[in-house]
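To keep things clear, I will list the structure first and then write my remarks on it.
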Amino acid sequence: MNLQEKGPAAVKEGITATVLVIILQVMSTVIPLAGLFIYLAGIPFFLVTRKYGFHFVLAFVCMAYIFAGVLSGFVNAIFDVLSALLPAVMMGELSRLGRRQKEILAKGVIAGILCQLAAAAAQYVMWGSPMAQSVREILRQPVQKALDQGEITRHGAELLAQSYEMMLKAMPSIIFLWTVIVVLLIYYIGCGILIRRGMAIENYEPFILFSFSRQLVFGSFVLYACAWVSDLLGIGDGQVLYLNLLIILWFLFALQGTAVTAFLCRRMRFPAVLSALFLGILLISMIGTIILFIVGLLDIFARFRDRSSRDKE
């Protein structure tokens with residue numbers, strides 16, 4: 001299937017999605033926070049793939065990557081562009097084929113993580129140092145400069161160094177969580193746009209019904225047991241394993257708690273703006289995330305939404 005067979009409208013959509021990535025990449029070189037929006041550029045690629053198929057969109061993904069690579073470096077473009085576009089294209093194709101939603105999301109996350117690993121490997125091959133070491137050096141320079149200029153005390157510099165080191169130890173879980181967030185945003189926003197346009201999405205369930213299986217709890221115990229055995233036998237750094245497992249599991253249960261809370265807000269007919277504000281407050285506060293974690297953990301066993309639906313009937 002070549003570009004001519006798809007028609008000018010399809011080509012226009014593909015070019016528009018590609019240009020959007022390039023514009024956001026240019027903006028990210030001037031405004032650092034603008035780089036975060038590059039990941040949302042996966043949404044139009046999801047839409048185009050859902051309508052026209054993987055083979056049609058692949059050429060536009062390659063063009064977006066090449067232009068982004070010229071602007072910011074080809075290794076950085078893997079982090080910024082491919083880690084969002086490839087999951088978006090994969091999810092769009094799987095959705096077009098009518099696959100189950102859990103399969104779509106799982107494969108989207110796997111594609112995103114593989115892109116991150118490929119970028120880390122490419123960085124190591126080209127620069128001869130692991131990604132964590134490069135990030136450590138980037139973080140160390142401003143701290144050292146502030147210390148030399150007397151802007152912070154030596155004790156403050158040591159505290160910052162410890163905080164950065166803890167963040168570096170948690171980098172595997174941070175990469176995983178960021179990938180999950182990007183995949184969920186691309187999928188649910190993309191599906192929402194298609195549904196508003198009148199397109200039927202097979203096997204689609206809104207975020208308020210998002211749920212993990214009970215195996216997640218049992219699997220978490222197995223993972224912690226593996227980390228404990230690894231620490232006991234001196235294989236790897238057990239504390240790093242514990243830290244990353246804690247962050248990942250906390251996030252996953254809180255994610256389910258967020259879906260449950262959104263479901264209850266809708267059942268109680270809260271205005272959409274008020275519900276979004278309420279969830280936002282919970283997500284940015286420590287107490288709120290604890291509440292969401294507990295709600296998500298309880299929902300895995302109690303299935304509040306199933307009971308609520310039966311009560312309504």
Side-chain angles (χ1 to χ4, degrees), residues 13 17 20-21 24 36-52 54 57 83-113 115 175-213 216 248 251-267 270-284 288-289 292 295-296 299-300 304-305 308-309:
E13 291 183 39
L20 177 62
V21 173
L24 290 173
L36 297 176
F37 293 99
I38 293 178
Y39 295 93
L40 295 181
I43 296 172
F45 278 89
F46 172 84
L47 299 176
V48 177
T49 307
R50 182 63 174 74
K51 292 174 64 177
Y52 304 111
F54 169 78
V57 179
S83 61
L85 300 192
L86 288 184
V89 170
M90 174 172 285
M91 290 190 295
E93 178 67 11
L94 292 174
S95 177
R96 191 175 70 90
L97 296 174
R99 300 294 179 84
R100 295 172 59 249
Q101 180 167 297
K102 288 185 178 180
E103 177 187 354
I104 295 172
L105 294 175
K107 290 184 176 179
V109 171
I110 291 172
I113 291 175
C115 287
I175 291 174
F176 172 79
L177 300 186
W178 178 247
T179 302
V180 171
I181 291 172
V182 170
V183 164
L184 291 176
L185 287 175
I186 291 174
Y187 180 76
Y188 281 110
I189 294 176
C191 287
I193 293 172
L194 291 174
I195 291 172
R196 287 190 181 92
R197 293 178 179 176
M199 180 178 290
I201 307 296
E202 299 83 358
N203 301 318
Y204 172 74
E205 292 183 352
F207 177 70
I208 60 173
L209 299 179
F210 182 86
S211 178
F212 294 105
S213 65
L216 177 63
I248 290 173
F251 171 82
L252 294 180
F253 287 124
L255 180 64
Q256 179 147 339
T258 303
V260 174
T261 306
F263 175 84
L264 295 176
C265 287
R266 177 170 294 187
R267 288 299 302 272
F270 283 6
V273 175
L274 183 60
S275 299
L277 179 62
F278 176 62
L279 287 173
I281 293 173
L282 290 177
L283 289 170
I284 63 176
T289 55
L292 293 175
V295 171
D299 181 65
I300 287 181
F304 298 129
R305 287 165 289 184
S308 179
S309 299

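Positions are given from 1 along the sequence.
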From [X] [atom1] over to [Y] [atom2], what is the distance, rounded to the nearest 0.5 angstrom?
{"X": "L20", "Y": "L24", "atom1": "CG", "atom2": "CG", "answer": "4.5 Å"}
{"X": "R96", "Y": "I104", "atom1": "CZ", "atom2": "CD1", "answer": "12.0 Å"}
{"X": "L283", "Y": "T261", "atom1": "CG", "atom2": "OG1", "answer": "8.5 Å"}
{"X": "L277", "Y": "I281", "atom1": "CG", "atom2": "CD1", "answer": "4.0 Å"}
{"X": "I43", "Y": "L185", "atom1": "CD1", "atom2": "CG", "answer": "7.0 Å"}
{"X": "L252", "Y": "F176", "atom1": "CG", "atom2": "CZ", "answer": "5.5 Å"}

I'd like to check [X] versus [Y] (side-chain heavy atoms, cut-off strictly below 4.5 Å). Are they in contact?
{"X": "L264", "Y": "V295", "answer": "no"}
{"X": "T258", "Y": "F207", "answer": "yes"}
{"X": "S83", "Y": "Y39", "answer": "yes"}

Original post:
Is a donor on one side and an acceptor on the other found under 3.5 Å between the side chain of D299 and the backbone of G257?
Top reply: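 A pair under 3.5 Å: no.
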
Specify the closest pair of heavy atoms between [X] and [Y], including all atoms of both residues, with the distance to one decimal.
{"X": "I175", "Y": "T179", "result": "O-OG1, 2.8 Å"}
{"X": "I186", "Y": "A88", "result": "CG2-CB, 3.8 Å"}
{"X": "E13", "Y": "Y52", "result": "OE2-OH, 3.0 Å"}

Original post:
With ring centroids as reference points, do F210 and F212 lie under 6.0 angstrom apart?
Top reply: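 Aromatic pair counts; centres sit under 6.0 Å.
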
Original post:
For F278, does the CZ atom sit with more than 12 other heavy atoms under 6.0 Å from it, leaving out its own atoms?
Top reply: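 Incorrect, the count does not exceed 12.
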
For residues 106-113, run the donor-acceptor check on the side chains, cut-off 3.5 Å, and write out each pair with its distance to 0.1 Å, sequence neighbours left out.
residue, atom, partner, partner atom, Å
K107, NZ, E103, OE2, 2.8

Give every donor-acceptor pair under 3.5 Å between a side-chain atom in residues 188-201 and any protein atom, sequence neighbours left out.
residue, atom, partner, partner atom, Å
Y188, OH, Q101, NE2, 3.1

Original post:
Mind checking whether Y204 and Y187 have parallel, tilted or perpendicular rings, split at 30° and 60°?
Top reply: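 Geometry flag for Y187 against Y204: tilted rings.
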
